Amino acid sequence: MILEQITDHLTETLKNRVLALFGHPVERVILQTPPKLNMGDLATPLALELAKVLKRKPREIAESLANGLELPMFVASVSVEGAGYLNFRFDRGGFTAAHMRTVMQPQAAAGQRVIVEHTNINPNKAAHIGHLRNAVLGDTYVRCMKWLGYRVETQNYIDDTGVQVADVVVAFQHLDEKSIDEVRALTQQPKFDYYCWDVYSRMASYYNEHPDSKEWRRETLHRMESGEGETAELAAIIARAIVRRHIETMLRLGITYDLLPKESDIIALHFWDRAFELLKQSGAVIYEHEGKHKGCWVMKLEGSEEFAGMDEPDKILVRSNGTVTYTGKDIAYQLWKFGLLDRTFGYRKFPAPYTLWETTHDDPSQSGAPKFGGAEIVVNVIDVRQAYLQKVVKQGLHQLGHRKEAENSIHFSYEMVALTPETASALGMEITEEDAAKAYVEMSGRKGLGVKADDLMDALEKKAIERVVEGGRGAEDAEEIGRQIAIGALRYFMLKYGRNKVIAFDFNEALAFEGDSGPYLVNSTVRAKSIFRKMAEEGIDAMISDDAVDRLTLSEGINDDMWELVRMSAGLPASIRRAVDGLELSIITHDLLELAQKFNSFYHKYPIKNEKDDAERQRRAVCAEVFRRTMVAGLELLGIAVPERM
RNA sequence: GCGCCCAUAGCUCAGCUGGAUAGAGCGUUAGCCUCCGGAGCUAAAGGUCGCAGGUUCGAAUCCUGCUGGGCGCACCA
């Protein structure tokens with residue numbers, strides 16, 4: 001907060017000053033933290049940039065800018081250094097006291113309405129670590145958006161009428177010859193999703209051996225889409241049971257949703273028919289009378305620069321047999337998200353330990369359902385392999401004349417999670433020599449090869465609980481504490497890599513609790529908490545209340561080690577903004593790691609509870625408290641809980 | 001063939017819209033528990049930022065061309 005005020009103020013002042021002194025307008029002023037602490041707290045290479053246009057020496061320009069520059073509150077001095085940098089130094093005491101009051105204060109929830117869609121797992125088998133990356137990215141993004149004041153609606157789209165569900169239905173009906181009641185009984189077992197994991201891969205290999213059997217799939221899909229009859233009922237039972245498992249799995253990670261929109265409802269409510277009318281009216285989609293796509297309705301994309309250079313830029317939305325493609329349905333659904341389709345769903349509650357709604361097509365809405373849809377910004381968290389499709393959807397809106405909505409259709413893309421050859425081999429995957437030489441090998445749902453989300457969490461929890469018990473602290477709550485640490489480890493692991501990086505999943509790395517890991521951050525925060533708990537127990541006043549801080553005479557006593565903690569803490573909100581705008585959440589994990597490292601170092605160097613001098617003890621305690629508040633709030637944004645002990 | 005992404009220390013990765021001496025973790029080596037928690041701390045070693053050009057006061061960062069790897073480019077979802 002305080003830092004933002006200072007940078008905003010300085011930016012304005014400098015812009016005005018450059019204009020006044022040199023008659024030259026500048027669009028932006030770069031304000032960055034200098035590489036070394038002794039260079040000050042903020043710096044700008046503004047004079048270097050101006051040197052060229054003004055044809056004057058950088059240092060000379062810097063001098064005239066600095067001379068008599070009006071400084072914002074808490075900025076104590078400005079100086080010219082290096083090649084012509086303008087360096088600002090803060091009033092450490094004043095800044096710290098002011099910052100302490102507003103550490104990680106969230107914005108008021110008055111921002112734009114946003115729909116974030118994530119998770120979207122096919123309801124036919126257990127969630128795996130690839131789905132985990134999606135869900136953790138999506139959930140963390142949602143938390144950050146809310147913190148920034150956006151009003152967010154979280155959706156988890158359920159493709160309950162797709163091929164993947166159909167394949168499991170086929171397996172139950174044709175391979176295993178199970179009755180509806182038998183399947184219904186199976187869904188009652190605790191890990192029905194694991195059961196289907198195997199059923200699905202069994203079906204996939206059956207298709208490979210008996211290509212004719214794919215006819216079953218076609219028939220099944222057709223019956224499912226009609227929504228009538230036993231096959232459709234069976235599909236609904238399976239999908240629903242699996243979705244319940246996925247909800248449970250994600251809840252272990254603290255991930256929740258507001259709405260589960262179902263593909264079957266979109267079909268039953270004929271969203272596509274309406275979208276089709278709009279697309280035809282606007283001319284965005286046309287009927288091909290001849291050529292390769294004869295008999296199809298296509299969206300013409302060859303004109304747009306985005307799709308320039310493609311051999312076959314046109315996208316088929318309706319096949320020659322009259323059925324709609326996935327892309328077509330997706331455009332219709334995207335229109336609904338923006339409130340541009342003049343029809344909508346019914347809603348009812350979905351059984352979950354929190355308030356969760358699902359769409360319906362037959363019931364009238366239950367009372368109490370919030371208003372879903374109609375957002376200003378729509379963010380779809382989907383892996384990079386669907387980038388092309390997302391582009392087409394965006395272009396669809398554009399061609400319908402919804403330019404603003406096209407602009408606000410954001411694809412949060414990220415790279416896949418693969419397996420290291422070692423991990424793949426440990427899972428029983430056959431590794432060819434060629435594979436072994438690779439950095440990673442892809443998971444395969446069809447082959448049933450992958451690391452299941454619940455299995456990974458189980459392994460992490462087991463290890464974390466052991467560590468808690470070994471440590472001897474909080475053994476009575478070892479299970480709950482271990483669970484929190486495990487989830488923290490997992491979420492951190494999924495967030496710390498840049499989104500464009502393929503994660504080659506390795507058990508040893510994922511289970512690491514040292515160094516660049518969730519438990520390291522949590523541990524450092526727990527220590528800070530412990531200090532204050534111990535001080536309270538021993539009746540030592542930490543003097544960190546607002547009143548006490550007001551009386552603080554910090555100005556001279558805040559040394560470099562303390563100041564770095566405060567300064568880094570103050571920089572976090574800007575990082576969160578940058579992370580959200582750039583869809584790069586690893587910025588936050590990175591900053592929190594640096595902060596935790598700084599604190600751990602500080603912690604070893606400066607005893608707090610045992611410091612005899614009151615003023616010095618207070619300064620140290622204030623820094624530890626700034627750290628604690630920053631970490632608790634920052635980790636909360638990452639969905640990582642901090643226990644009292646560990 | 002076209003498009004997107006990746007290439008930085010032995011390994012896994014940071015490096016903020018071009019800025020001051022390229023940083024972490026793991027691993028390796030050497031230290032640190034009479035002192036608030038060792039899931040920790042201190043220090044050392046480790047770099048042709050894939051290659052070649054270009055842009056400029058300044059390039060790991062921007063542009064062009066290569067090389068190597070990954071992923072897309074269906075009347076599948």
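Values below: all heavy atoms of this structure, side chains included; hydrogens, waters and symmetry mates excluded. Residue numbering restarts at 1 for every chain, and letters A, B, ... go by the order of the sequence lines. Please read all numbers here as calculations on a predicted model, not as lab measurements.
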How is A:Val165 classified with respect to the nucleic acid when contacts are heavy atoms under 4.0 Å: base, sugar-phosphate, or nothing? nothing
Base, sugar-phosphate, or nothing: which does A:Met646 touch, judged by heavy atoms less than 4.0 Å apart? base
Would you indicate what A:Asn122 reaches in the nucleic acid, counting non-hydrogen atoms under 4.0 angstrom: base, sugar-phosphate, or nothing? nothing
Reckon A:Ala504 touches a base, only the sugar-phosphate, or nothing at all at heavy-atom distances under 4.0 Å? nothing
Just the rounded figure in Å: distance from P of B:rG40 to OH of A:Tyr603. 13 Å
Once you apply a heavy-atom cut-off of 4.0 Å, does A:Arg533 come out as touching a base, just sugar-phosphate, or nothing? nothing
Expressed in angstrom and rounded to an integer, what is the separation of A:Leu86 atom CG from B:rA20 atom C1'? 14 Å
Under the rule syn = chi within 90° of 0, otherwise anti, which is B:rC49? anti
N/O donor-acceptor pair under 3.5 Å between A:Arg499 side chain and A:Leu583 backbone: yes
Using a 4.0 Å heavy-atom cut-off, does A:Lys598 contact any base of the nucleic acid, only the sugar-phosphate backbone, or nothing at all? nothing
Can you find an N or O donor on one side and an acceptor on the other, under 3.5 Å apart, linking the side chain of A:Ser601 with the base of B:rC41? no
Would you say a side-chain N or O of A:Lys534 is under 4.0 Å from OP1 or OP2 of B:rG37? yes
Is A:Glu442 touching bases, backbone alone, or none of the nucleic acid, heavy atoms closer than 4.0 Å? sugar-phosphate
Assign A:Val502 to base, sugar-phosphate, or nothing according to its heavy-atom contacts below 4.0 angstrom with the strands shown. sugar-phosphate
Residues A:Lys534 and A:Glu537 bridged, charged N to O under 4.0 Å: no
Regarding A:Glu509, tell me which of base, sugar-phosphate or nothing describes its non-hydrogen contacts under 4.0 Å with the strands shown. sugar-phosphate
Regarding the side chain of A:His604, the nearest nucleotide among B:rC71, B:rG37, B:rG38 is B:rG38
From C-beta outward on A:Pro34, which listed nucleotide comes closest to its side chain: B:rA39, B:rA20, B:rC16? B:rA20
Indicate yes or no for a side-chain donor-acceptor contact from A:Asp314 to the backbone of A:Leu301 under 3.5 Å, with no hydrogens or angles considered. yes
Between A:Lys501 and B:rA7, is there a contact of a side-chain N or O with OP1 or OP2 at under 4.0 Å? yes
Starting at atom CZ of A:Arg473, determine the distance to atom P of B:rC36, rounded to an integer number of angstrom. 11 Å
Describe the nucleic acid contact of A:Gly295 in one word from base, sugar-phosphate, nothing, applying a heavy-atom distance below 4.0 Å. nothing
Where the side chain of A:Ser601 meets the backbone of A:Gln597, is there a donor-acceptor pair that is under 3.5 Å apart? no
Can you give me the dot-bracket string for RNA chain B, 5' to 3', counting Watson-Crick and G-U wobble pairs with both distances under 3.5 Å, using [ ] for crossing pairs and | for partners on another strand? (((((((..((((.....[...)))).(((((.......))))).....(((((..]....))))))))))))....
Could you tell me how far apart A:Lys462 (NZ) and B:rA39 (P) are, to the nearest whole angstrom? 19 Å
Among the nucleotides B:rA39, B:rA20, B:rC36, whichever has the atom closest to the side chain of A:Pro35 is B:rA20
Would you indicate, yes or no, if B:rG25 has its OP1 or OP2 atom less than 4.0 angstrom from a side-chain nitrogen or oxygen of A:Lys496? no
Is A:Asp167 side chain donor-acceptor paired with the B:rA77 base, going by distance under 3.5 Å alone? no
Taking CZ from A:Arg218 and C1' from B:rA77, how many angstroms apart are they, rounded to a whole number? 16 Å
Looking just at side-chain N and O atoms, do A:Arg527 and A:Asn600 make a donor-acceptor pair shorter than 3.5 Å? yes
Please report the distance separating the P of B:rC49 from the corresponding atom of B:rA20, rounded so that it comes out in whole Å. 16 Å
Would you indicate which nucleotide in B:rU12, B:rC57, B:rA77 comes nearest to any side-chain atom of A:Tyr497? B:rU12
Given side chains that start at C-beta, do those of A:Arg89 and A:Asn87 come closer than 4.5 Å, heavy atoms only? yes
Checking A:Tyr606, A:Phe599, A:Tyr603 against A:Phe627 for ring pair (Phe, Tyr, Trp, His ring centres under 6.0 Å), the one that qualifies is A:Phe599
Minimum-distance nucleotide (side-chain atoms of A:Asp516 versus B:rG25, B:rA74, B:rA20): B:rG25
Verify, without hydrogens or angle tests, whether A:Arg533 (side chain) and A:Glu644 (backbone) share a donor-acceptor contact under 3.5 angstrom. yes
Does a side chain donor of either A:Gln390 or A:Asn380 reach within less than 3.5 Å of an acceptor in the other side chain? yes
In whole angstroms, the gap separating P of B:rU17 from CD1 of A:Ile587 amounts to 8 Å
Among B:rC26, B:rA24, B:rG70, the nucleotide that comes nearest once only the side chain of A:Glu514 is considered: B:rC26
With a 4.0 Å cut-off on heavy atoms, is A:Val522 in touch with a base, just the backbone sugar-phosphate, or nothing at all? nothing
Please determine if A:Lys598 and A:Glu564 form a salt bridge, counting it only when a charged side-chain N lies under 4.0 Å from a carboxylate O. yes
Hey, does the side-chain of A:Arg527 have a donor or acceptor N/O within less than 3.5 Å of a partner on the base of B:rG37? no
Quick one: label A:Tyr606 by what it contacts on the DNA or RNA (base, sugar-phosphate, nothing), any heavy atom closer than 4.0 Å. base
Compare the minimum distances between each of B:rA24, B:rC36, B:rC71 and the side chain of A:Leu593, then state the nucleotide with the smallest one. B:rA24
Ranking B:rC41, B:rG72, B:rG19 by distance to the side chain of A:Asn600, first place goes to B:rC41
With the criterion set at under 5.5 Å between ring centres and under 30 degrees between planes, would B:rA20 be stacked on A:Tyr85? yes
Would one find a side-chain N or O of A:Gln386 under 4.0 angstrom from OP1 or OP2 of B:rC71? no
For A:Lys125 and A:Gln164, which I'm curious about, is there any donor-acceptor pair between the side chains at under 3.5 Å? yes
With sugar-phosphate meaning primed atoms plus P, OP1 and OP2, does A:Arg385 contact a base, only sugar-phosphate, or nothing at under 4.0 Å between heavy atoms? sugar-phosphate
A:Glu594 CD to B:rG15 P, in whole Å, measures 11 Å
For a quick check of understanding: with a heavy-atom distance under 4.0 Å over all strands, which category does A:Tyr520 fall into, base, sugar-phosphate or nothing? sugar-phosphate
Nearest-neighbour nucleotide for the A:Arg28 side chain, B:rC6, B:rA24, B:rU17 considered: B:rU17
Separation of B:rU12 atom P from A:Asn508 atom CG, nearest Å, is 14 Å
